[in-house]
Amino acid sequence: MIYFDNSATTRPYNEVLDSFVKVSSEFFGNPSSLHGLGLQAEKLLTQARTQVANLLSVKPTEIYFTSGGTESNNLAIKGTAMMHKNKGKHLILSSVEHPSVRGAMEQLQKLGFDITYLPVDQYGRVMVEDVKASIRKDTILVSVMHVNNEVGTIQPIAEIGKLLRQYPTILFHVDAVQAVGKVHLNLTEDGVDLCSFSAHKFHGLKGTGALFIREGTRLGPLLSGGNQEWKVRSGTENVAGAVAMAKALRMTMVKGELGIEKMKRVKSLLREGLARIDDLTINTPLENTAPHILNFSIKGVKAEVLIHTLEQTGIYLSTTSACSSKKQLPSQTLLAMGVPDDLADSAFRISLSYDNTEDEARMVIKAIEKGAKQLRKVMKLHEL
């Protein structure tokens, strides 16, 4: 099997699975309980929080565990809106955000909030000047993802953060789900107030994630209950998931330096090989992109058909983001970049992990070329 769909989800490290099972079976107490089992669980939760914070170079009190990227994004956006609506009801986001960000904004719009969608250039990149031009007196939040989940474009987070320092009442949220272990982000230096993470994107487990909330930043909670996570996120904590997430993050960071260079080589080989295929267009820009994502379109080939054809040979890649692929709609990111409708409708995404190899890349290039030729022949026969 060749798995090239790591932006959708990654295979958990064996050590991560082992830690989850051990904590679940031996330290299953509720961290809020006063007895010994509860205190053991609370200690493990505190250790996991401290480990994640240290790896991200922030304070343990700034890490709030969640169920994943979607919850973290919703908590950051809706929590800001609920807490600061008396200051203003204007929010800004890019036009290429993940559905969990766009969807949260659309819900707020129905509740009377005003949303500005920033355009992107042909590379899928937000322009800082557009952020500045969109700011109003009633703006309370700017939300821009770090790495685009479809094409891999890296957004100018540091530059936007620098701009927003001039506007202390505006919070800056970054969706860093696709960045962890691939593109460095300094939350403190880059002026980020809120940042979302999802463990299963870096070989952790699904259903675990975190939201960085800068010290002094206040959010309205989405969930009411036992006031866990410093009253921001009620619900009995997933101790085993938090411990597993901390281990996955540590292992990813340790492997990162060599792993990133390896991904760059594999991606470069893929880019060169795919570019030689007839009627194939590379949508991912050459510069300022993450090392693990490569997006391309094949004219006249239905993406979902080729995806299933490749699967027959044990090759797994995807069309748009996993959250949008079943809707069978053209990529909104590619359309925002100015890619023609027909190419946006026939887009593919390859996304790598540290474990993928150059040999796998060569096999995938040959399989895509062969599959595309076969499908074109079939389509021509149908046209006769």
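Keep in mind it's a predicted model, so treat the numbers as computed, not measured. Count residues from 1 along the sequence.
Donor-acceptor pairing under 3.5 Å is recorded for the side chains of Glu150 and Thr333. Asn73 and Ser196 are linked by a side-chain donor-acceptor pair at a separation below 3.5 angstrom, with hydrogens and angles left out of the test. Judged by distance alone, the side chains of Ser7 and Gln178 do bring a donor and an acceptor atom under 3.5 Å apart. Inspection of the Thr9 and His200 side chains reveals an N or O donor paired with an N or O acceptor under 3.5 Å. A donor-acceptor contact closer than 3.5 angstrom links the side chains of Lys267 and Thr289. Between the side chains of Thr309 and Gln312, not a single donor N or O lies within less than 3.5 Å of an accepting N or O. Looking only at atom types and distance, the side chain of His90 has a donor-acceptor partner in the side chain of Thr116 under 3.5 Å away.
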Let me check something: any side-chain donor-acceptor pairs from residues 158-168 under 3.5 Å, sequence neighbours excluded? List them with distances.
from: Arg165; atom 1: NH2; to: Glu189; atom 2: O; distance (Å): 2.3

Donor-acceptor contacts under 3.5 Å from residues 278-285 side chains, at least two apart:
from: Asn283; atom 1: ND2; to: Asn295; atom 2: OD1; distance (Å): 2.8
from: Asn283; atom 1: ND2; to: Ser297; atom 2: OG; distance (Å): 2.9
from: Thr284; atom 1: OG1; to: Val151; atom 2: O; distance (Å): 2.9
from: Thr284; atom 1: OG1; to: Asn295; atom 2: N; distance (Å): 2.7

Tell me which donor-acceptor pairs under 3.5 Å the side chains of residues 47-56 have, and how far apart each pair is, sequence neighbours excluded?
from: Arg49; atom 1: NH1; to: Ile63; atom 2: O; distance (Å): 2.7
from: Arg49; atom 1: NH1; to: Glu229; atom 2: OE1; distance (Å): 2.8
from: Arg49; atom 1: NH2; to: Glu229; atom 2: OE2; distance (Å): 2.9
from: Thr50; atom 1: OG1; to: Thr46; atom 2: O; distance (Å): 2.9
from: Asn54; atom 1: ND2; to: Thr50; atom 2: O; distance (Å): 3.3

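Of the options His98, Glu97, Arg102, a side-chain hydrogen bond (donor to acceptor under 3.5 Å, both in side chains) to Ser100 is made by His98 and by none of the others. Of the residues listed (Glu272, Glu360, Glu358), the one engaging Arg265 in a salt bridge (Lys or Arg N to Asp or Glu O under 4.0 Å) is Glu358, and it is the only one.
Sorted by first then second residue, the ring pair (Phe, Tyr, Trp, His ring centres under 6.0 Å) pairs that include residues 20-71, not counting sequence neighbours, are Tyr64-Trp230.
Ion pairing of Lys264 with Glu261 is present here, as a side-chain N (NZ or NE/NH1/NH2) and a carboxylate O approach within less than 4.0 Å.
For Tyr123, the OH atom sits in a loose shell: 12 or fewer heavy atoms of surrounding residues, nucleotides or ligands are nearer than 6.0 Å. Within 6.0 Å of NZ in Lys89 there are more than 12 heavy atoms belonging to other residues, nucleotides or ligands.
One hydrophobic cluster, built from ILVMFWY side chains closer than 4.5 Å, cannot hold both Met105 and Val96; they sit in different ones.
Qualifying salt bridge (Lys or Arg N to Asp or Glu O under 4.0 Å) partners for Arg218, counting only residues two or more places apart in sequence or in other chains: none. Checked against salt bridge (Lys or Arg N to Asp or Glu O under 4.0 Å), Asp342 has no partners two or more places apart in sequence or in another chain.
A distance of 12.0 Å separates CD1 in Ile298 from NZ in Lys373, rounded to the nearest 0.5 Å.
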